[in-house]
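One structure is given below, encoded as structure tokens.
Remember, it's 1-based here, ligands and their atoms both numbered in the order they're listed.
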Amino acid sequence: MTAFALAIGVGSKNSNGDWLEVFYQQPLLHPADDLIAAAKSALDYQGGNEALEVDGGELLAFAEAIEATYPEQAALARACTESEKPVVVTVLASDEQASSTPEVYLKLHLLSHRLVKPHGINLTGIFGLLPNVAWTNKGAIDLADLPQAQLQARLQGELLSVNSVDKFPRMTDYVVPTGVRIAHTARVRLGAYIGEGTTVMHEGFVNFNAGTLGTSMVEGRISAGVMVGDGSDLGGGCSTMGTLSGGGNIIISVGEKCLLGANAGVGIPLGDRCTVEAGLYITAGTKVQVLDDHREVVETVKARDLAGKSDLLFRRDSTTGAVQCVTNKTAIELNNELHANN
Ligand SMILES: CC(C)(COP(=O)(O)OP(=O)(O)OC[C@H]1O[C@@H](n2cnc3c(N)ncnc32)[C@H](O)[C@@H]1OP(=O)(O)O)[C@@H](O)C(=O)NCCC(=O)NCCS
């Protein structure tokens, strides 16, 4: 059976020798069997999911074994023989739950390299394997080691700048996928999936296991687990409801060619070509008046009943305050659609 993933990485450890993070320049999804065979012969890989810490001699042997068939991986292995930092070859025989920090980092890289889509990889238990790290201009530093590192820098007349304290680093320090603009790189975490053609503006945010499938203008927040379809725009400061806290368990997605207005929010999945008025937050339980094409109220439903439906415009009636859903379709058609799954 083909293995799930393989990657050569350079990482950082704390003063206790625990991994803090790993950078994989060229992660491979479903590596060829002969790469796995080379890992077995050169690196003593015994099978299963393993993060093999390797020395220069092992890397050289691995490079020689794969030179003819995988010259880019071989060149990377050779470059890593010179590393001052620990080098790891991580092999995932399967996508089962990760059991080490290098394994989690490989999974996050697979997402940000667009090799797997959000929800397409097992991220169970990753928080417990990701240390909280000071991300500095000198790289990752364990919080326990930080005061000493800060003093050392000062004594050398330098400033150690802490950019963030978090379990996830910014994505762009690990990979910049092709065809994207990211105005404020700290707002996109490693593990985000940023589609070709997407622009993330300063107010935009993209969490891990979340992102855009194609061209999008992101000026709002894409919470963990949320996917946004091609051609959809997220207006300034808008919100997509996540499932990490607060009891929400509906996975939010936005279809193609949607517009979430500025400061709008969605707590239900949207179909294609939907619009949410600026400033309107739709939660699953929001009571929504459904209007027909004569703008008459035909019924009142909960927003969750409209989940995933296409061609809807949500707005708050500015005179009555009622949340309304306007559609181009006739009320009869909409009714049928609404109740089709009952
Ligand atoms: C909801 C929204 C899409 C409606 O825009 P629209 O379809 O162009 O609608 P219009 O403003 O042309 O209004 C059409 C009619 O609906 C009425 N209307 C619009 N919004 C209404 C509201 N909230 N309550 C009551 N009536 C409303 C208008 O008064 C107008 O009535 P009329 O036919 O009697 O003249 C728009 O207001 C909006 O919020 N767009 C989001 C833009 C945005 O935030 N982009 C991101 C920037 S970062």
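- Among all protein heavy atoms, the one lying closest to atom 3 (C) of ligand 1 is T275 CG2, 3.7 Å.
- Atoms of ligand 1 found under 4.0 Å from any heavy atom of D317, numbered from 1 in the order shown, are 24 (N).
- For atom 7 (O) of ligand 1, the closest heavy atom belonging to the protein is L313 CD1, 4.4 Å.
- Ranked by closest heavy atom to atom 18 (N) of ligand 1, the top entry among E203, E219, R315, R295 is R315.
- Taking all atoms of both residues into account, the shortest heavy-atom contact from V162 to A134 is CG1-CB, 4.2 Å.
- Two residues are said to be in side-chain contact when any heavy atoms from C-beta on lie closer than 4.5 Å; P102 and E53 fail this criterion.
- Within the 4.0 Å cut-off (strictly below), a protein heavy atom is located near atom 1 (C) of ligand 1.
- The protein heavy atom nearest to atom 37 (O) of ligand 1 is E277 CG, 4.2 Å.
- When only non-hydrogen protein atoms are considered, atom 42 (C) of ligand 1 lies nearest to L259 CD2, 4.1 Å.
- Atom CZ of R187 is separated from atom OG1 of T172 by 13.5 Å, given to the nearest 0.5 angstrom.
- For atom 46 (C) of ligand 1, the nearest protein heavy atom lies under 4.0 Å away.
- For the residues A278, G261, G236, the heavy atom positioned nearest atom 48 (S) of ligand 1 is part of G236.
- There is a path of hydrophobic side-chain contacts, each under 4.5 Å, that joins L92 to Y174.
- At a distance under 4.0 Å, no protein heavy atom can be found next to atom 33 (O) of ligand 1.
- Closest to atom 22 (C) of ligand 1 among all protein heavy atoms lies R316 O, 3.6 Å.
- In terms of protein heavy-atom proximity, atom 24 (N) of ligand 1 is closest to S318 N, 2.9 Å.
- Criterion: ILVMFWY side-chain heavy atoms under 4.5 Å apart, direct or through other members. Under it, F168 and V165 are not part of a common hydrophobic cluster.
- Protein heavy atoms are absent from the space less than 4.0 angstrom from atom 10 (P) of ligand 1.
- Applying the salt bridge (charged side-chain N to carboxylate O under 4.0 Å, His left out) test to every pair with at least one member in residues 268-290, sequence neighbours left out, gives these pairs: R273-D311.
- Between F127 and F208, the gap from one ring centroid to the other is short of 6.0 Å.
- Here's the thing with A262: one of its N/O atoms is less than 3.5 angstrom from an N/O atom of ligand 1.
- The residue from E64, Q73, E67 that alone fulfils the side-chain hydrogen bond (donor to acceptor under 3.5 Å, both in side chains) condition with R78 is E67.
- If you number the atoms of ligand 1 from 1 as listed, the ones under 4.0 Å from a heavy atom of G235 come out as 46 (C), 48 (S).
- The salt bridge (charged side-chain N to carboxylate O under 4.0 Å, His left out) contacts involving residues 114-143 comprise R114-E196, K138-E158, where partners must be two or more places apart or lie in separate chains.
- Environment of NZ in K257: sparse, with no more than 12 heavy atoms of neighbouring residues, nucleotides or ligands closer than 6.0 Å.
- Atom 27 (C) of ligand 1 lies below 4.0 Å from at least one non-hydrogen atom of the protein.
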